[in-house]
**Q** 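Quick one: this structure, given as C-alpha cells, is what I'll be asking you about.
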Amino acid sequence: MATLAPNSKKHKVCIVGSGNWGTTIAKVVAENTAQHADLFEQEVQMWVFQEQYQIPKDSKHFDEKNDKGPQKLTELINGLHENVKYLPGIPLPKNIVANPDLVDAVKDATILVFNLPHQFIAKTCEQLQGKIVPYARGISCIKGVAVSESGCELFSDSIGQKLGIYCGALSGANIATEVAQEKFSETTVAYAPPSQDSQQPTPAGTPGASPKGSQLDLTKLNDGVKGAKSSGKVNLTPLPSEYPSLHHANVKKLFHRPYFHVHLVNDVVGVSLGGALKNIVALGAGFVDGLGWGDNAKAAVMRVGIMEEVKFGKTFFGDSVQTETFTEQSCGVADLITSCSGGRNFRCAKMSVKEGKPIGEIEERELNGQKLQGTSTAYEVNSFLRKVGKEKEFPLFTAVYLILEGKHKPEEIPALLNADA
Ligand SMILES: NC(=O)c1ccc[n+]([C@@H]2O[C@H](COP(=O)([O-])OP(=O)(O)OC[C@H]3O[C@@H](n4cnc5c(N)ncnc54)[C@H](O)[C@@H]3O)[C@@H](O)[C@H]2O)c1
Ligand SMILES: O=P(O)(O)OC[C@H](O)CO
C-alpha cells in the first residue's frame with residue numbers, strides 16, 4: 001500500500017463527555033479546529049450521555065405554543081447549538097456535533113478529549129476498548145483519582161492503559177461557565193508524548209520532562225498494597241506520518257484561545273493530582289466558610305491543602321511529580337484559589353454547613369445534574385491512605401473525609417489539623 005505524504009491527513013477530534021466542562025472544552029476546541037484547518041478536521045464530535053430534557057419555562061428557547069415536552073438532549077444541542085441543560089445561555093460553534101452513540105462519536109478520531117465526571121470514566125473506557133484507532137492520543141480533563149484494590153491511579157494513566165494509548169492531562173483554574181463566557185483564564189496542559197509523535201522536541205528543562213511519562217515510584221507499602229500506580233508502560237502504536245506531529249506547539253493550538261491561555265508542561269502526574277486533590281480542599285474551605293469563620297480560616301485550610309497536595313505527590317509518585325507544578329502552574333495553587341472561592345464543591349459544602357443538610361442533598365438541589373467530584377475523591381483518597389497507613393500524615397484530607405462520614409463536625413477542623421500537638 002502506498003504511503004501517504006506527511007501531513008496529508010488532519011486530526012479528527014472527539015470530546016468524550018458533554019457536561020458543564022465537557023461542553024465548554026468542546027466550544028474551545030471547535031473554535032480552534034476551525035481556526036487551524038491545516039491541522040484539524042473542522043467538525044468536532046461530542047459524545048452525549050443521552051437523556052430526555054424539558055426546556056424550562058424561563059429559557060429563551062421555551063415556546064409555550066409549540067412546546068414538544070421532553071426531548072432528546074442531543075437533538076436540542078444540535079438544533080439550538082446550545083447545551084440547554086449543562087451549559088445554558090452559551091452559543092456553541094456550529095461545527096460541534098452532539099452524538100449519543102459513543103462508538104460512532106470516536107470513529108476515526110485521532111485525538112480523544114476525555115471530559116466527564118470521574119465516576120463514569122471506567123465504564124466509558126470499557127465501551128471504547130477495541131473501538132478507537134490504535135494510534136489515537138488522549139487528553140484527560142478529568143479532576144479525580146481512580147482508587148482500586150491495587151492502588152491509586154491517575155485517570156490519564158488508567159485511560160491510557162485501558163485503551164492502549166498515550167494520554168496527557170489538562171487542568172487549571174477554570175470554572176466552566178466563566179471560560180464559556182470567554183472571561184480570561186489560564187490552564188495547564190501536560191503532554192509528554194512518545195518520541196515518534198514529536199518531530200519537534202518538547203522544551204528542555206520543562207518541569208517533569210520525560211518522554212516516557214511518569215514512572216512508578218512506590219511499589220511496596222504496608223499491607224501489600226502497591227501504592228500509587230503510574231504507567232508509561234503502554235505499547236504505543238506510532239502516529240502515522242501522514243498526520244501532523246503532536247508536539248507541544250500543535251497540542252497548544254487545540255486548546256489555546258485569546259481568553260484561555262495554555263501553558264504546556266510534561267508533568268502529567270502533577271497536573272492530574274492538582275486537579276483531583278484541590279476538590280477535597282475546596283470542601284474543607286466550604287466547611288469553615290459555612291461556619292462563618294472568615295477569610296483567615298479559609299486561608300489556613302488552603303495553605304494546609306496545597307502542602308498536602310505536594311506531599312501526596314512526592315510520597316506516592318516521587319520524582320515523577322514536580323513541586324513547581326503545584327506552586328507555579330494554573331493547575332496548582334491557582335486552581336485551589338478559584339475552587340475555594342466559587343467552585344461547586346466549595347459552594348455546596350458551605351451551604352451544607354449553613355443549612356445543616358447533607359451535601360448530597362444540596363448537590364441534588366443546586367446542580368441540575370452536574371456532579372460534585374470532591375466528595376467521592378475524599379472517600380477514594382481516604383481509602384487509599386488507610387490502606388497504606390498514612391491517614392495521619394494528611395490531616396486535612398482525613399478531616400474532610402471524617403466530616404463527610406459524620407464522624408466529626410466542621411467545628412473540629414482546627415483540632416483535627418493539630419492532632420499531634
Ligand atoms: N464544571 C466545571 O467548572 C469544571 C471545570 C474544570 C474541570 N472540571 C472537571 O471536568 C470533569 C467533567 O465535569 P463536567 O462539569 O463536565 O460534568 P458535570 O458535573 O456537568 O456532570 C454532568 C455530566 O455527566 C454526565 N453523566 C451523567 N450520568 C452519566 C453516566 N451514567 N455515564 C456517563 N456520563 C454521565 C451527564 O450526561 C453530563 O454530561 C470533572 O472531573 C470535573 O471535576 C469541571
Ligand atoms: O466547581 P468545582 O468545585 O467542580 O470546580 C470547578 C473547577 O475545577 C475549578 O477549576
Side-chain angles (χ1 to χ4, degrees), residues 15-28 46-53 72-74 77 83-88 90 98-100 102 105 113-128 139-146 154-156 159 169-181 183 185-188 255 260 271-272 274-286 329-350 359 363-364 366-378 380:
I15 313 294
V16 181
S18 55
N20 194 228
W21 186 226
T23 308
T24 301
I25 280 292
K27 173 180 178 293
V28 165
M46 178 173 78
W47 173 60
V48 175
F49 181 76
Q50 188 66 290
E51 60 185 287
Q52 296 288 120
Y53 186 65
K72 286 181 177 156
L73 186 56
T74 45
I77 295 172
N83 188 339
V84 276
K85 175 159 185 189
Y86 292 107
L87 195 62
I90 304 293
N99 189 339
L102 178 62
V113 181
F114 293 89
N115 201 334
L116 65 169
H118 78 278
Q119 50 270 49
F120 305 127
I121 193 68
K123 193 155 176 242
T124 305
C125 282
E126 273 167 35
Q127 292 171 266
L128 286 177
I139 298 276
S140 164
C141 304
I142 298 156
K143 293 183 174 176
V145 283
L154 309 174
F155 279 106
S156 42
I159 291 168
L170 178 153
S171 186
N174 302 139
I175 289 180
T177 311
E178 294 178 15
V179 178
Q181 290 168 343
K183 293 176 177 167
S185 70
E186 297 182 305
T187 204
T188 318
F255 296 106
F260 188 60
V271 171
S272 303
L277 299 175
K278 65 83 187 172
N279 284 331
I280 308 177
V281 184
L283 293 174
Q329 294 294 333
S330 180
C331 61
V333 69
D335 196 8
L336 191 82
I337 293 168
T338 210
S339 297
C340 295
S341 308
R344 298 169 297 185
N345 289 287
F346 168 77
R347 287 187 284 116
C348 289
K350 181 175 175 172
I359 194 164
E363 177 184 17
E364 193 72 27
E366 293 291 321
L367 296 187
N368 192 29
Q370 294 178 35
K371 308 285 179 203
L372 288 183
Q373 301 286 270
T375 42
S376 43
T377 304
E380 285 153 0

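Note that the numbering runs from 1 along the sequence shown for the chain. Just so you know, these numbers use all the heavy atoms, side chains as well, and skip hydrogens, waters and symmetry mates. Counting starts at 1 for both ligands and their atoms, following the listed order.
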**Q** Considering only the protein, which heavy-atom contact is closest to atom 3 (O) of ligand 2, and what is its distance?
**A**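 For atom 3 (O) of ligand 2, the nearest protein heavy atom is Asn345 ND2, 2.7 Å.
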**Q** Strictly under 4.0 Å, does any heavy atom of Lys123 approach an atom of ligand 1?
**A**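 Not so, Lys123 does not reach ligand 1.
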**Q** Give a yes/no on ligand 2: does Ser339 have at least one heavy atom closer than 4.0 angstrom to it?
**A**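 In this structure, Ser339 qualifies as a contact of ligand 2 - some heavy atom is under 4.0 Å.
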**Q** What atoms in ligand 1 come closer than 4.0 Å to a heavy atom of Ile175?
**A**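 This gives 3 (O) as the contact atoms.
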**Q** Among Lys278, Lys371, Arg344, which residue places a heavy atom closest to atom 5 (O) of ligand 2?
**A**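 Checking each option, the heavy atom nearest atom 5 (O) of ligand 2 is found in Lys278.
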**Q** Judging by distance only, is a nitrogen or oxygen of Gly19 under 3.5 angstrom from one on ligand 1?
**A**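 It does: an N or O of Gly19 is found under 3.5 Å from an N or O of ligand 1.
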**Q** When you compare the side chain of Ile142 with that of Ile159, does any pair of heavy atoms fall below 4.5 Å?
**A**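 Yes; the side chains approach each other to less than 4.5 Å.
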**Q** If we set the cut-off at 4.0 Å for heavy atoms, which region of Gln373 has an atom near ligand 1: side chain, backbone, both, or neither?
**A**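 Side chain only.
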**Q** Need the ligand 1 atom indices (1-based, order shown) with element for anything under 4.0 Å from a heavy-atom of Ser18.
**A**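 Taking each heavy atom of Ser18 in turn, ligand 1 has 39 (O) under 4.0 Å.
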**Q** How far is atom 3 (O) of ligand 1 from its nearest protein heavy atom, and which residue and atom is that?
**A**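 Sorting protein heavy atoms by distance from atom 3 (O) of ligand 1 puts Ala176 N, 2.8 Å first.
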**Q** Can you check which of Lys143, Lys85, His118 brings a heavy atom nearest to atom 41 (O) of ligand 1?
**A**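 Checking each option, the heavy atom nearest atom 41 (O) of ligand 1 is found in Lys143.
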**Q** Taking N or O atoms only and a 3.5 Å limit, does Pro117 qualify as a polar contact for ligand 1?
**A**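 The answer is no, given that Pro117 and ligand 1 share no N or O pair closer than 3.5 Å.
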**Q** With under 30° as parallel and over 60° as perpendicular, where do the rings of Phe120 and Phe49 fit, or are they tilted in between?
**A**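 Answer is parallel, since the angle falls under 30°.
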**Q** Give me the residue, atom name and distance of the protein heavy atom closest to atom 20 (O) of ligand 1.
**A**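 Minimum-distance protein heavy atom for atom 20 (O) of ligand 1 reads Asn20 N, 2.9 Å.
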**Q** Short list, please: which atoms of ligand 1 are under 4.0 Å from a heavy atom of Ile142?
**A**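 Listed by number with element, the hits are 41 (O).
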**Q** Look at atom 36 (C) of ligand 1 and say which protein heavy atom is nearest, naming residue and atom and giving the distance to 0.1 Å.
**A**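 In this structure, atom 36 (C) of ligand 1 has Tyr86 OH, 3.6 Å as its nearest protein heavy atom.
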**Q** Quick one: does Arg344 get an N or O within less than 3.5 Å of an N or O on ligand 1?
**A**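 The answer is yes, given that Arg344 and ligand 1 share an N or O pair closer than 3.5 Å.
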**Q** What are the atoms of ligand 2, with element, lying closer than 4.0 Å to any heavy atom of Lys143?
**A**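 That gives atoms 7 (C), 8 (O), 9 (C), 10 (O) of ligand 2.
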**Q** Where is the tightest heavy-atom contact between Val48 and Ser18, given as atom of each residue plus distance?
**A**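 Closest pair (atom of Val48, atom of Ser18, distance): CA-OG, 3.4 Å.
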**Q** Write out the residue and atom name of the closest protein heavy atom to atom 26 (N) of ligand 1, then the distance separating them to 0.1 Å.
**A**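 The closest heavy atom on the protein side is Phe120 CE1, 3.5 Å.
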**Q** Considering only heavy atoms from C-beta outward, does the side chain of Asn115 approach that of Trp21 to under 4.5 Å?
**A**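 Yes, close enough: below the 4.5 Å cut-off.
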**Q** Between Arg344 and Glu363, is the closest basic N to carboxylate O distance under 4.0 Å?
**A**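 Arg344 and Glu363: not salt-bridged.
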**Q** Is there a heavy atom of Gln373 sitting under 4.0 angstrom from any atom of ligand 2?
**A**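 False for this residue.
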**Q** Please state which protein non-hydrogen atom is closest to atom 37 (O) of ligand 1 and give its distance, to 0.1 Å?
**A**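 Answer, as residue, atom name and distance: Phe49 CB, 3.5 Å.
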**Q** Just so I know, are the side chains of Ile359 and Leu283 near enough to count as touching, which here means a heavy-atom distance under 4.5 Å?
**A**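 Yes. Closest side-chain heavy atoms under 4.5 Å.
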**Q** Between Ser185 and Ala173, what is the shortest heavy-atom contact and its length?
**A**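 Shortest heavy-atom contact: CB-O, 3.9 Å.
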**Q** If we only count heavy atoms from C-beta on, is the Phe260 to Asn174 side-chain gap below 4.5 Å?
**A**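 Touching, per the 4.5 Å side-chain cut-off.
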**Q** Do Phe114 and Ile121 have side chains that get closer than 4.5 Å, going by heavy atoms?
**A**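 Yes; the side chains approach each other to less than 4.5 Å.
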**Q** Report the nearest protein non-hydrogen atom to atom 19 (O) of ligand 1: residue, atom name, distance rounded to 0.1 Å.
**A**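 Atom 19 (O) of ligand 1 sits closest to the protein heavy atom Lys371 N, 2.8 Å.
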**Q** Can you tell me if Gln50 and Thr74 form a side-chain donor-acceptor pair at under 3.5 Å?
**A**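 Present: a donor and an acceptor within the cut-off.
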**Q** From the options Thr377, Asn345, Asp335, select the one residue that forms a side chain to side chain donor-acceptor pair (under 3.5 Å) with Asn279.
**A**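 Only one option passes, and that is Asn345.
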**Q** Can you report which non-hydrogen protein atom sits closest to atom 7 (C) of ligand 1, along with the distance?
**A**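 Of the protein heavy atoms, Trp21 CD1, 3.1 Å lies nearest.
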**Q** Should Gly17 be listed as contacting ligand 1, given a heavy-atom distance under 4.0 Å as the test?
**A**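 No; Gly17 lies far enough from ligand 1 that no heavy-atom distance drops under 4.0 Å.
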**Q** Can you name the nearest heavy-atom pair linking Phe255 to Ile25, along with the distance?
**A**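 So the two residues come closest at CE2-CG2, 4.4 Å.
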**Q** Show the atoms of ligand 1 that are less than 4.0 angstrom away from any heavy atom in Cys141.
**A**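 Ligand 1 atoms under the 4.0 Å threshold to Cys141: 9 (C), 10 (O).
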**Q** When you look for heavy atoms under 4.0 Å from ligand 2, do you find them on the side chain of Thr338, its backbone, both, or neither?
**A**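 The answer is the side chain.
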**Q** What protein heavy atom lies closest to atom 5 (C) of ligand 1? Include the residue and the distance to one decimal.
**A**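 Atom 5 (C) of ligand 1 sits closest to the protein heavy atom Asn174 O, 2.9 Å.
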**Q** Are the side chain of Lys350 and the backbone N or O of Ala285 linked by a donor-acceptor pair below 3.5 Å?
**A**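 A pair under 3.5 Å: no.
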**Q** So do the side chains of Asn83 and Tyr53 get within less than 4.5 Å of each other, counting heavy atoms only?
**A**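 When only atoms from C-beta onward are counted, Tyr53 and Asn83 do not touch, as no gap falls below 4.5 Å.
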**Q** Is the closest heavy-atom distance from Gly369 to ligand 1 below 4.0 Å?
**A**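 Distance cut 4.0 Å: Gly369 passes for ligand 1.
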**Q** Give me the nearest non-hydrogen protein atom to atom 10 (O) of ligand 2 as residue plus atom name, then the distance to 0.1 Å.
**A**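 Protein heavy atom with the smallest distance to atom 10 (O) of ligand 2: Asp335 OD1, 2.5 Å.
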**Q** Taking all atoms of both residues into account, what is the closest heavy-atom pair of Cys141 and Val113, and its distance?
**A**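 Closest pair (atom of Cys141, atom of Val113, distance): SG-CG1, 3.6 Å.
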**Q** Is the closest side-chain heavy-atom distance between His118 and Glu380 below 4.5 Å?
**A**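 Yes - at least one pair of side-chain heavy atoms lies under 4.5 Å apart.
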**Q** Report yes if some N/O of Gly172 lies less than 3.5 Å from some N/O of ligand 2; otherwise report no.
**A**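 In this structure, Gly172 places an N or O atom under 3.5 Å from an N or O of ligand 2.
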**Q** Answer with yes or no whether Ala176 contacts ligand 2, where contact means a heavy atom under 4.0 Å from a ligand atom.
**A**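 It does not; every heavy atom stays at 4.0 Å or beyond.
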**Q** Under 4.0 Å from a heavy atom of Gly343: which atoms of ligand 2 are those, numbered in the order shown and with their elements?
**A**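 Selected atoms, number and element: 1 (O), 3 (O).
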**Q** Does the side chain of Gln119 come under 3.5 Å of the side chain of Gln373 through a donor N or O and an acceptor N or O?
**A**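 A pair is found: one side chain offers a donor N or O, the other an acceptor, under 3.5 Å apart.
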